[in-house]
Number of protein chains: 2
Amino acid sequence: MPSDLAAQLRAVSLRVTRPRLAVLAALRDHPHVDTDTVIDLVRADLPMVSHQAVYNVLHALTAAGLVRRIQPAGATARYEAQAGDNHHHIVCRSCGAIADVACATGHAPCLTASDDHGFVVDEAEVVYWGTCPACSEGIA
Amino acid sequence: MPSDLAAQLRAVSLRVTRPRLAVLAALRDHPHVDTDTVIDLVRADLPMVSHQAVYNVLHALTAAGLVRRIQPAGATARYEAQAGDNHHHIVCRSCGAIADVACATGHAPCLTASDDHGFVVDEAEVVYWGTCPACSEGIA
DNA sequence: GCCCTTTTCTGGAACAGTTCAAGTTTATGC
DNA sequence: GCATAAACTTGAACTGTTCCAGAAAAGGGC
């Protein structure tokens with residue numbers, strides 16, 4: 001459904017270009033991919049896109065709120081299509097795999113800081129650290 | 001109290017060296033500093049330390065659990081002396097400032113993933129995103 | 001206190017991911 | 001279709017981090 005993705009772009013006043021559609025499609029089909037993988041996925045459709053274009057597009061889409069940038073400590077930047085639901089992530093310390101986790105309680109009771117130090121908080125992010133099933137087996 | 005810091009090192013079977021003491025002292029006095037700042041702080045005492053030594057030390061201390069590495073999306077790595085308390089961080093989107101936040105509820109009700117996808121979770125990290133007082137004023 | 005072994009540090013170079021800049025191409029509105 | 005402004009291509013620069021080889025220093029035994 002390319003027109004669907006095009007509509008998303010128009011909704012945020014961004015021009016509809018081949019690279020942007022390809023990036024959106026890649027993120028839709030592959031959640032939590034790093035920039036390098038995005039470039040590879042996009043080039044499967046459009047061999048001529050420069051990595052620059054991908055960086056530009058990811059920035060533009062992030063700024064527009066269509067995709068979300070996630071970057072666990074030490075790893076390279078990853079992106080996911082912003083579904084609008086406030087889910088969180090569980091990251092494998094060993095292999096870096098990322099899985100989605102729905103917010104446990106629904107209304108996030110502890111996601112309001114007890115003492116905000118005068119900060120204006122607009123988002124609370126939760127990252128669970130652990131070991132994925134595959135890596136757990138390897139260890140055991 | 002250098003001997004205090006030395007004791008921390010000995011407790012985790014690390015040799016007591018000048019650079020390590022300087023890094024520990026720097027982190028104790030300046031929470032949430034980035035690597036560059038650590039290097040500057042250490043060089044205030046020991047002008048000859050290489051950046052390499054600081055990286056080595058930070059890695060060693062992180063592995064030993066004496067310091068904690070925090071790296072909000074897009075920013076460079078920062079370190080803090082690990083106090084053992086499970087506090088979280090509030091990060092300014094504008095200037096990158098970081099403040100400590102005590103865990104709001106004490107017993108962290110939503111810090112257990114609802115569906116762990118088979119992962120073995122050993123830590124839940126919370127990052128609040130917002131705008132610090134100084135930057136808020138600048139905008140207003 | 002001195003020597004030996006092992007760890008750690010110094011200095012320099014390499015590397016990955018990301019960003020910057022100039023010029024060309026492409027999408028959009030008329 | 002045409003003009004204009006945004007987006008893309010190419011290529012190089014930059015930052016933060018890591019790798020490597022040799023020199024220095026810490027810790028333990030004598």
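Naming convention: chains lettered A, B, ... in sequence-line order (proteins, then strands); numbering from 1 in each chain.
Distance CZ (R78(A)) to C1' (dT18(C)): 17 Å, rounded to an integer number of Å. The interatomic distance linking L9(B) (CG) with dT7(C) (C1') rounds to 14 Å, in whole Å. One can place CZ of R20(A) at 10 Å from C1' of dA27(C), the figure rounded to the nearest angstrom. For the pair D36(A) CG and dT18(C) P, the interatomic distance rounds to 8 Å; values are reported in whole Å. Note: NE2 (H51(A)) to C1' (dT19(C)) measures 9 Å, nearest angstrom. One atom, CZ of R10(B), and another, C1' of dT7(C), lie 15 Å apart when rounded to the nearest Å. Going from atom CD1 of I39(A) over to atom P of dT19(C) covers 12 Å, rounded to whole Å. If you take CG of N56(A) and C1' of dG17(C), they are 15 Å apart, rounded to a whole angstrom.
Listed nucleotides: dT9(D), dA7(D), dT8(C). Nearest to the side chain of L14(A): dA7(D). When distances run from any side-chain atom of T35(B) to the nucleotides dT10(C), dT18(C), dT17(D), the shortest one goes to dT17(D). The side chain of V16(B) sits closest to dG27(D) out of dG27(D), dT28(C), dT10(D).
Close to dC9(C), at under 4.0 Å from its OP1 or OP2, lies a side-chain N or O of T17(B). Remark: T76(B) is not in phosphate contact with dT15(D), judged by side-chain N or O atoms under 4.0 Å from OP1 or OP2. Close to dC9(C), at under 4.0 Å from its OP1 or OP2, lies no side-chain N or O of R18(B). Remark: H59(B) is in phosphate contact with dT18(D), judged by side-chain N or O atoms under 4.0 Å from OP1 or OP2. For dT19(C), the OP1/OP2 oxygens have no side-chain nitrogen or oxygen of Y55(A) closer than 4.0 Å. Considering only side-chain N and O atoms, S50(A) lies nowhere under 4.0 angstrom from the phosphate OP1 or OP2 of dG11(D).
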For the pair I39(A) and V49(A), evaluate side-chain contact (heavy atoms from CB on, under 4.5 Å) and give the outcome as yes or no after the intermediate values. CA-CA 8 Å; I39(A) 294 174; V49(A) 285; 5.7 Å; no

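A donor-acceptor contact under 3.5 angstrom links the side-chain atoms of R15(B) to the base of dT6(C).
The backbone N or O of H32(B) lies less than 3.5 Å from a partner atom in the side chain of R78(B), making a donor-acceptor pair.
Across L9(B) and R15(B), no two heavy atoms sit closer than the pair CD1-O, 4.1 Å.
Within a 6.0 Å radius of CZ in R18(B), other residues, nucleotides and ligands contribute 12 heavy atoms or fewer.
Evaluated for a side chain to side chain contact (heavy atoms under 4.5 Å, CB included) with V23(A), the options V67(A), L46(A), V42(A), D45(A) yield exactly one hit, V42(A).
Residue A77(A) is classed as a sugar-phosphate contact, given heavy-atom separations below 4.0 Å to backbone atoms only.
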